[in-house]
Amino acid sequence: MKNQIKEKIIQTVSQKFPQTLQLKDKIKVDIPKEEKFGDFATNIAFLLSKPVGKKPIEVAKEIQELLQQQEDFSKVEVAGGGFVNIFLSPAFYKKVLKKVVKEGERYGERREKDRGRINIEFVSANPTGPLHLGHGRGAVVGNVQANLYDYMGYKVEREFYINDAGNQIKKLGKSVYARFRQIEDPTYPFPEDGYHGDYIKDIAQHLYKYEREKILSMVDESQAVDFCGEFAKQMLLERIKEDLKEFGVEFDIWFSEKKLYDSGKVEEALQILKEKGLLYEKDGAVWLKTTEFGDDKDRVVIKSDGSYTYFAGDIAYHYDKLKRGYDFIVNVWGADHHGYIPRLKGAVISLGADENWFNVILIQMVKLFKGGQEVKMSKRAGDFIPLKYLIDEVGKDAVIYFFLTKDSNTHLNFDIDLALKKSAENPVYYVQYAHARISSVFREAKERFGFDVEKDFEGDVSLLDKPVERAIMKYLASLPDLVVEAGEQKQPHKLTQITYTLASHFHYYYNNFKFLVEDQKLMEARLYLLKGVREGLRTLFRLMGITPLERM
RNA sequence: GCGCCCGUAGCUCAGUAGGAUAGAGCGCCGAUUUCCGGGGUCGGAGGUCGCAGGUUCAAAUCCUGCCGGGCGCACCA
């Protein structure tokens with residue numbers, strides 16, 4: 001909507017001031033905070049002031065005259081030293097409501113997925129333990145960002161990178177094996193750097209029950225450790241998949257690190273870097289000149305023992321993604337990896353990627369609070385809080401919503417008590433209540449007046465002349481812009497704010513006006529508006545993965 | 001030491017590709033509540049946007065320096 005308005009303004013104004021076309025990117029069309037400043041306001045006069053050689057306010061007055069002739073605008077004013085304020089006409093609002101009601105839970109979505117094919121990789125938890133809260137936050141942020149890209153018209157692939165090679169799995173195997181042996185021999189030593197969580201014991205118990213003979217008959221202990229590691233990995237991976245599915249997150253691609261190594265991609269990628277003269281040998285190891293991409297020191301890709309570093313694997317992984325032909329990719333990482341970004345980005349660019357191809361969203365810590373006390377978690381020690389625990393505690397919808405309340409790059413304090421409250425203090429409750437209330441009104445409309453809101457009907461928008469009603473329609477008009485903006489900025493947390501604002505508009509409306517009134521025409525108009533609000537909410541809920549409740 | 005992130009109301013935080021009087025929730029103060037759906041509703045006070053400069057018609061937002069907090073700087077993954 002905003003872009004349409006902007007286009008209209010540029011088109012109209014440029015007829016008199018051709019310079020407008022050069023300023024296209026700097027011209028802003030915004031929704032002012034205060035109603036008296038109109039439905040939309042533009043800074044165009046400030047920008048034209050210099051090239052035209054007149055004061056902003058004078059230019060604004062000339063623009064005002066031009067714009068006043070547009071039919072979608074009922075009034076155009078000049079204020080604040082040169083802002084051009086535009087008021088929309090009922091004809092415009094009518095178009096908006098019609099569109100929302102028609103498009104339903106996909107309101108404003110770009111149906112043609114023709115803007116490109118992209119990949120978004122997230123969670124990518126090591127299969128060495130259950131998912132914890134940090135993974136959960138990454139899962140939500142990644143998944144919702146993917147939904148946003150889809151909304152904007154991209155073909156999106158969701159990917160989970162499985163770190164199933166290297167030391168972590170070995171450590172896992174050792175841990176499980178030790179627990180396994182401890183069942184019969186409590187003095188059997190547990191590895192110092194092993195995984196301490198109880199889930200390791202559970203896996204060991206399982207193996208003891210079903211595979212005891214097989215494991216004990218293995219002559220070589222390292223063979224038994226490998227077996228345990230492989231088994232535990234599979235089991236944990238299955239559990240991760242189940243947790244994610246229950247959480248509403250599904251992946252298109254499960255990419256195995258191990259298979260990457262087997263594919264020869266590492267050699268291939270390194271060969272390219274070598275040809276570019278970016279590799280050199282020192283102290284028996286092979287180094288990549290990451291200092292050329294702004295890193296403070298060069299990094300090892302092949303260790304002196306001949307094995308690859310994790311970095312080498314990641315280069316190859318991204319080389320593989322590059323060859324898959326995505327227009328761009330996004331990685332959702334824990335914020336502690338931020339120092340890793342420049343060097344990987346540099347490597348990827350050296351492999352032929354475009355400057356903007358490689359993108360990262362960082363996820364900060366989640367702290368859990370219950371009864372005013374912080375619930376501590378630490379994966380290494382094994383006393384971390386599993387994601388599943390939180391979901392069982394407050395429900396999927398609350399977890400998702402709260403994970404989206406703040407910018408992913410800031411620390412999040414999750415208040416369990418708040419998430420469980422059934423009152424307006426709890427934002428999840430508040431937004432879901434809005435949807436349930438609308439459903440309730442619709443049920444009532446049918447029972448008392450025999451009016452079926454689900455049928456195809458159109459209310460008389462000209463009867464919706466109350467300030468709240470206009471505010472709601474205006475907000476619905478800008479909804480797609482706001483969603484796209486959240487997506488472009490890679491800030492999915494903005495969805496909760498958009499949702500909250502829409503819900504609060506509705507609650508205010510509900511608290512001050514009756515919808516089921518005697519005047520049939522007025523009732524239909526208001527129900528029509530409510531239907532628009534409902535579809536707006538459903539669109540947002542769908543993007544976030546939250547359930548729209550009919551009653552609660 | 002170098003790099004990144006953060007610093008906004010009493011509290012938890014939005015707002016940062018520059019825009020008009022910096023927002024929300026909680027808490028606090030006041031009023032109100034026999035109502036489709038109860039757990040309310042309406043209003044008010046509350047700010048040196050960490051500090052100091054700079055750019056601009058316009059800075060919480062951009063630039064520089066400093067202060068305070070977090071994190072990262074492996075032949076680990």
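Both backbone and side-chain heavy atoms feed into the values below; hydrogens, waters and symmetry mates do not.
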Rounding to the closest angstrom, what is the interatomic distance between rC4(B) and rC42(B) at atom P?
46 Å
Classify the ring geometry between H135(A) and H132(A) as parallel (under 30°), tilted (30 to 60°) or perpendicular (over 60°).
parallel
Give a yes or no on whether a salt bridge exists between D262(A) and K258(A), defined as a side-chain N under 4.0 angstrom from a carboxylate O.
no
The side chain of S440(A) is closest to which nucleotide in this list: rC36(B), rA17(B), rA77(B)?
rC36(B)
Once you measure the plane-to-plane angle for Y500(A) and Y430(A), does it fall in the parallel (<30°), tilted (30-60°) or perpendicular (>60°) bin?
parallel
Regarding the side chain of Y510(A), the nearest nucleotide among rC36(B), rG19(B), rA77(B) is rC36(B)
Provide, to the nearest angstrom, the distance between the CG atom belonging to N85(A) and the C1' atom belonging to rU21(B).
15 Å
Measure from the side-chain heavy atoms of W287(A) and tell me the nearest of rA74(B), rG37(B), rC75(B).
rC75(B)
Closest to the Y429(A) side chain: rG19(B), rG39(B), rU12(B)?
rG39(B)
H435(A) and its side chain to side chain donor-acceptor pair (under 3.5 Å) partner, picked from R538(A), R534(A), E550(A)
R538(A)
With rounding to the closest Å, how many angstrom separate the C1' atoms on rA14(B) and rA22(B)?
11 Å
Whole-Å C1' distance, rC11(B) and rC28(B):
12 Å
Closest nucleotide among rA17(B), rC36(B), rC75(B) to the E444(A) side chain
rC36(B)
Check the distance between rC6(B)'s P and L412(A)'s CG and give it to me in whole angstrom.
16 Å
Among rG37(B), rC26(B), rG15(B), the one nearest any side-chain atom of E425(A) is rC26(B)
Centroid under 5.5 Å and tilt under 30°, F83(A) to rA20(B):
yes
Please determine whether a side-chain nitrogen of the Lys or Arg among R526(A) and E469(A) lies less than 4.0 Å from a carboxylate oxygen of the Asp or Glu.
yes
Output the single nucleotide from rA77(B), rA17(B), rC36(B) whose closest atom is nearest the side chain of N126(A).
rA77(B)
Same-atom distance (C1') from rC29(B) to rG10(B), integer angstrom
14 Å
Which nucleotide in the list rC75(B), rC36(B), rU12(B) gets nearest to the side chain of N413(A)?
rU12(B)
Which nucleotide in the list rG70(B), rC42(B), rG19(B) gets nearest to the side chain of N43(A)?
rG19(B)
By nearest atom, which of the nucleotides rG38(B), rA74(B), rG3(B) is closest to the H338(A) side chain?
rG3(B)
